[in-house]
Chemist: 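Can you read through this structure? Questions will come right after.
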Amino acid sequence: MKKTEKMLCYPTGEGREIQIPVVTLEGGVPGPHAVITAGIHGCEYPPILAAAEFCRTCDLQDIRGTVTVVTISTLESFRTRTPFVCPVDGKNPNRCFPGDLNGTYTQQLTYHLFHDIIAGADYHIDLHCGDMTETLAPFCEFGTGYSEKVDAMSRDIALYSGMPSLVESNLNADPGDLPQGLNYLNSVQHGVAGAIVEIGQMGRTDREYVDGQLFCIRNVLRRMGNLAGEAVPTADPAWFTTYETVYAPVQGIFVRCVEAGTDVKAGQKIGEIWDYFGNPAAQVHVPADGRILYLTSSIAVEKDGFLLDMVH
Ligand SMILES: [Zn+2]
């Protein structure tokens with residue numbers, strides 16, 4: 001049994017260094033290898049708090065196999081309080097996997113996160129929440145389409161994550177509005193079962209959000225045989241497969257009339273956009289029946305800027 005805390009350091013060649021804080025928990029008996037990443041987005045705080053608390057409170061006697069935890073994956077974003085992107089090159093790390101050793105700072109960071117930490121694990125949980133200007137209803141998105149075994153493990157991460165809305169992304173299906181370069185989906189593409197878990201929002205650190213993240217970490221580890229104790233599946237979750245993103249038709253002040261987690265009908269109005277003088281400039285409707293998972297909580301929107309993501 002062993003617990004190690006290590007700061008992985010990689011010079012990037014511009015006088016800068018990538019630093020990745022990693023905790024490794026090794027049990028006294030064999031078991032799978034789990035990887036948990038938090039803080040890919042450095043202003044998403046409940047995942048970081050939960051990952052740190054899990055490492056601090058975990059009893060090694062309860063661990064089987066190996067659990068590797070990255071407490072803050074994008075440390076430069078965390079330190080500088082930069083939402084969505086890494087401030088060094090302005091790139092969103094969760095669009096850059098599997099990374100590039102000869103690329104920009106964020107591309108090198110994601111290269112090391114994947115090749116040095118995630119690759120070779122049995123499964124990977126990527127912990128997120130709504131960012132500084134996003135409001136969000138808890139959900140888990142999991143990847144399938146690799147093999148029967150990997151698909152079943154990914155589905156199990158989702159079912160035992162504690163999240164009420166579960167979204168399946170199959171590698172062989174039309175990705176719809178799903179972006180490229182996602183951390184968890186890259187893992188699945190390389191044979192590591194994977195899912196992203198989202199609970200929390202808007203830079204807040206509510207105990208409820210941290211507890212939701214902690215429940216997910218512990219319950220999934222129990223289900224997979226990495227942690228002692230009984231795992232509990234989510235009772236009656238809602239399953240989805242397809243994303244639709246709604247963008248702002250015009251620039252202006254966005255006034256929404258729905259909350260994250262709302263079930264909507266095609267054509268339903270979800271808000272309107274005023275011009276900078278307060279005059280109505282556009283109405284915003286959803287294109288399909290489904291559930292809104294997250295929206296911008298900011299009222300400042302640009303033409304073609306992100307408003308919300310929904311699933312059906
Ligand atoms: Zn995120």
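Numbering of ligands and ligand atoms starts at 1, following listing order.
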Chemist: Are any of the side-chain nitrogens in R155 or E168 under 4.0 Å away from the carboxylate oxygens of its partner?
Modeler: yes
Chemist: Output yes when R204 and E134 qualify as a salt bridge under the 4.0 Å nitrogen-oxygen rule, no when they do not.
Modeler: no
Chemist: Could you check Y184, Y146, F114 and say which one makes a ring pair (Phe, Tyr, Trp, His ring centres under 6.0 Å) with H190?
Modeler: F114
Chemist: With sequence neighbours left out, write down each residue that passes side chain to side chain contact (heavy atoms under 4.5 Å, CB included) with Q201, or none if nothing qualifies.
Modeler: T135, Y209
Chemist: Around the Zn ion (ligand 1), how many protein N, O or S atoms are there at under 2.8 Å?
Modeler: 4
Chemist: Report the relative orientation of the aromatic rings in Y10 and H112; use parallel for angles under 30°, tilted for 30 to 60°, perpendicular for over 60°.
Modeler: parallel
Chemist: Can you confirm whether P138 sits close enough to P164 that some side-chain heavy atom of one is under 4.5 Å from a side-chain heavy atom of the other?
Modeler: yes
